[in-house]
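We name chains A, B, ... by the order of the sequence lines, and we start the count at 1 in each one.
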Amino acid sequence: VEGRIIMADTDQITVNTTALADGILVRPTGDIDLSCSPALRQHLAAAQLDKPRRLVIDLSEVPYMDSSGIATLLEAMQIARRNGTRLVLCGLREKVRSIIEITRLDSVFTIAADPSAASTA
Amino acid sequence: MMKRDPDLKLELTSHPKFLAAARTMIGHAAQRIGFSPLQAGQVSLAVDEALCNIINHGYQRRTDGRIWLSLWELEDTREKADRGRPNEVEAAGRPGLMIVIEDLARQVDPSLIRSRDLDDIRPGGLGVHIIREVMDSVTYERREQQGMRLTMVKHLRPREGNDAAAAPGACEPGCCGSGEADGHSHQRAAGGPSPAAANPGTGRPGPSEAPKLPAAGPPGAGHPGVPGIPGVEIEPGRARVPAGRGVRRRSGGPHHHG
C-alpha cells in the first residue's frame, strides 16, 4: 500500500486515508457510534469524490460499531454503486462482524480478510 | 413482582458523547453477571441502539434530554419455585438481566415502533431490529405521565461463556429438536418477571424518584424513523412480544422481525 496519507482526528476516532494503485484505502480507528459516524461519513464521501475504481475500508482498528456506523457504510456503498466503485470491507473484528450479521448485511457487502485480500476482491 | 431497587442505575443526558460510557458500564455488568464477552457486547449494543433511538427520535437530537437506565440481575429462582416456595421477587425466573430505559421524550404508540424491512437495503432503521434480535424480551410502553419506557430482558444460556454456542444464531441444546446450533436465532418472551410487574417498590420499573416530571406532553405523537412492531400484542399503552415470536432461519425462509 503506497500513497499519501491524510489523517483526521475527531474526539473519538482517527481516520487514515491512503492512496492505492487502483483506488483508496480508508482506515478508521476507534469505536464508531452516533457521536463519530458523521466524521466517518465525511471521510468516506471525500474519498469518493474522484470516483476511485476501488474503495477499501479497513475496519481492523474498529472494535465496536453501532447501527449509525452501519448506515454510514451503506451510504458509502450507495455512492460507490452510483460511481462504479468497488467497495470492499476488510479486517472485521468480532463485534463489528456480529452487527453486520445481525443486520443480515454480510451478503450485501463485499468482505475480505485484510487489505491485501481486499485489493483483489 | 420485582420489589427491589435496581442493581445499577445511570442517569445521562441525550448527548451522543455519553453513549460509550453507558455501553461500557452495561457491558462490564453483563460480563460480571455471567454473559460471555460477545453476549455482553450484544447487550451493550442493544442499549446503545435504544439510547440512539431516544436521542434521534424521542428528543429529536436535543442533547439536554434526560435518560434513566436501570439494570437488575435476574437470579435463577426456578429451583425455589419447584420446591413450592416461589421467590417473591422473581418467581420461577431464569438467570440473566433486565434493563429498563426511561425518558421524558415525546410519546409514541408502541405498536408503531418497528424496524424497516431488512430486504429494503438502505441506511437507517435498523436499531429496533438489532434490539429485538439481541434481547430475549423487548417491551415498549408509554410512561404514566410523560416519556417512554423500554424494558429488555436477556437470559443466560446453558454453557454461557462459550461464544461459539452463544453467537448470534446459536440456540440452547434441544430447543429446536436437533440440539444443534444450526445458525438460526430465537427471540423469546421473557421467562423472568413480567416487565410490567417489574417495579422497584412502586410496581413501576425505573426512576420512581429520579425524574421531576413536568406536565405530560401530548401522547401519541409520531415517532418518525422508529416505525411499528409487526406481530406484537397490543395492550393499552404498551406492546409486548408474544411467546415464540421471531423464530427464524438465518438463511432463507420468511423473516418475522420488525
Pick one of side chain, backbone, both or neither for L73(A), based on which atoms fall under 4.5 Å of a heavy atom in chain B. neither
Tabulate below the donor-acceptor pairs under 3.5 Å that side-chain atoms of residues 78-91 of chain A make, not counting sequence neighbours, or state none.
residue	atom	partner	partner atom	Å
T85(A)	OG1	P52(A)	O	2.6
R86(A)	NE	A121(A)	O	2.8

Do you know which of I70(A), T72(A), I99(A) has the most heavy-atom pairs with chain B at a distance under 4.5 angstrom? I99(A)
When the 4.5 angstrom heavy-atom criterion is applied to R23(B) and chain A, the contacting part is side chain
Give a yes or no on whether the backbone of G147(B) and the side-chain of D103(B) come within a donor-acceptor separation of less than 3.5 Å. no
Give, as side chain, backbone, both or neither, the part of L34(A) having an atom under 4.5 angstrom from any heavy atom of chain B. both
Residue part contacting chain A, namely of L51(B), when any heavy atom lies under 4.5 Å: neither
Residue M65(A) versus chain B: region with a heavy atom under 4.5 Å: backbone
Give the minimum heavy-atom separation between R27(A) and S60(A), together with the two atoms involved. NE-OG, 4.5 Å
Is the backbone N or O of R66(B) less than 3.5 Å from a side-chain atom of Y59(B), with the two atoms forming a donor-acceptor pair by type? yes
No-hydrogen, no-angle side-chain donor-acceptor test under 3.5 Å, K154(B) and Q39(B): yes
